[in-house]
Amino acid sequence: MAITCSSSSLNCFPSDFASSSLNLSYSKPNIIIRTHLLFCHRNQKPLNSSVSDKRRNRVSFFSGFSTKRVESFKEELFQAIKPLDRGAEASPEDQARVDQIARKLEAVNDIKEPLKSNLLNGKWELLYTTSQSLLQTKRPKFLRPNGKIYQAINIDTLRAQNIETWPFFNQATANLVPLNSKRVAVKFDYFRIAGLIPIKSPGSGRGQLEITYLDEELRYEVQISS
């Protein structure tokens, strides 16, 4: 349920799903790839220090201990990813720290069945990922996806659209097949190069996605492919 495309390789979000689908003949069987992704709802802004201070004051006055913990973990997560350039600058230690904070959030997640929640609908911006096929860190920076990366989800129609902006403007669409209340199978059907040239998926663009945290502004998920 994530998206982006690198124009030269069509590595479209969910990045590892798409890359494994389009380069399947080069993948080693029985190797499980787990890709972590963090999204912020387009109508919400990531926490910064001023917003964080206001929220902390509001939370401490009106809300209970559980809500304060959630806000604290979210602030810690945003601060951890802030210098990481969507994950491109993340060391293994940085990745481990982000995953550790995400696990704290997962433990206090109020949305136990995210695939049944309307909060999943809408347009989400990718803030962080561990996917090297998406980040393309081995390329010169001007050949990487540098603009914002979005994912639009319609849980009623079980469709997802992945949208890459500057400089490639690639897109991908996928069907979502629920496996349980947290996990879906993802099957890509179309890719669009530069937002114009349609390419039908060869049928191997598949993977699984598990949403481990969801609220009105934040979504954390793990994509699993082999």
Side-chain angles (χ1 to χ4, degrees), residues 1-40 46 77-102 124-151 160-174 186-188 190-197 199 201-202 204-210 212 219-226:
M1 258 154 90
I3 315 177
T4 351
C5 307
S6 302
S7 61
S8 61
S9 61
L10 283 179
N11 291 332
C12 294
F13 234 146
S15 59
D16 283 313
F17 290 171
S19 64
S20 63
S21 70
L22 295 176
N23 300 303
L24 194 63
S25 60
Y26 301 102
S27 299
K28 295 181 180 179
N30 303 321
I31 295 179
I32 302 301
I33 301 171
R34 296 177 63 86
T35 302
H36 298 258
L37 298 111
L38 175 70
F39 292 88
C40 181
L77 183 59
F78 282 123
Q79 292 299 320
I81 67 170
K82 187 176 181 180
L84 301 183
D85 188 20
R86 256 192 326 223
E89 301 295 330
S91 66
E93 291 76 17
D94 292 326
Q95 292 178 354
R97 182 187 175 203
V98 172
D99 184 54
Q100 183 181 45
I101 301 169
W124 297 81
E125 179 185 347
L126 178 68
L127 299 183
Y128 167 84
T129 182
T130 60
S131 170
Q132 289 304 306
S133 63
L134 175 57
L135 296 171
Q136 296 292 339
T137 54
K138 293 183 179 180
R139 295 182 179 182
K141 195 163 186 176
F142 71 93
L143 291 177
R144 304 176 196 171
N146 291 306
K148 291 184 177 181
I149 295 169
Y150 294 107
Q151 181 187 70
Q161 182 183 25
N162 301 326
I163 306 162
E164 181 184 278
T165 59
W166 178 261
F168 304 121
F169 300 97
N170 294 319
Q171 299 177 16
T173 56
V186 181
K187 181 179 179 181
F188 286 93
Y190 277 95
F191 303 99
R192 194 173 291 271
I193 302 174
L196 297 172
I197 305 170
I199 297 178
S201 169
S204 57
R206 304 178 185 217
Q208 292 186 13
L209 160 67
E210 183 169 336
T212 62
R219 184 173 107 238
Y220 197 89
E221 63 189 38
V222 177
Q223 294 170 352
I224 304 167
S225 56
S226 61

Q: Starting at CG of L134, measure out to CG of L37 and round the result to the nearest 0.5 Å.
A: 7.5 Å
Q. Say you draw a straight line from CD1 of I101 to CD1 of I81; how long is it, rounded to the nearest 0.5 Å?
A. 9.5 Å
Q: Quick one: closest heavy-atom pair of T129 and S131, and the distance?
A: OG1-N, 3.1 Å
**Q.** Residue pair R144 / A88: nearest heavy atoms and the distance that separates them
**A.** NH1-CB, 4.4 Å
Q: Kindly write out the residues that satisfy side-chain hydrogen bond (donor to acceptor under 3.5 Å, both in side chains) with N146, not counting sequence neighbours, or none if the list is empty.
A: none
Q. What residues form a side chain to side chain contact (heavy atoms under 4.5 Å, CB included) with P83, not counting sequence neighbours?
A. none
Q) How far apart are the closest heavy atoms of V186 and A174, and which atoms are they? A) CG1-CB, 3.8 Å
Q.
How long is the straight-line distance from OH of Y128 back to CD of Q95, given to the nearest 0.5 Å?
A. 4.5 Å
(Q) Quick check against the 3.5 Å criterion: does D94 have a side-chain atom that pairs as donor or acceptor with the backbone of S91? (A) yes
Q. Measuring from T173:OG1 to K187:NZ, what's the distance to the nearest 0.5 Å?
A. 12.0 Å
(Q) Tell me whether the rings of W166 and F169 are parallel (<30°), tilted (30 to 60°) or perpendicular (>60°). (A) perpendicular
Q: Take K141 and D85 through the side chain to side chain contact (heavy atoms under 4.5 Å, CB included) test and state the conclusion after the steps.
A: CA-CA 11 Å; K141 195 163 186 176; D85 188 20; 3.8 Å; yes
Q: Give the minimum heavy-atom separation between A80 and V98, together with the two atoms involved.
A: CB-CG2, 4.3 Å
Q: State the CG-CD distance between L143 and Q136, to the nearest 0.5 angstrom.
A: 9.5 Å
Q) In Å and rounded to the nearest 0.5 Å, what is the CZ to CG distance from F39 to L127? A) 8.5 Å
Q | Heavy-atom closest pair, residues I193 and N170 | A | CA-OD1, 3.1 Å
Q: Quick one: closest heavy-atom pair of P167 and P145, and the distance?
A: CD-CA, 4.2 Å
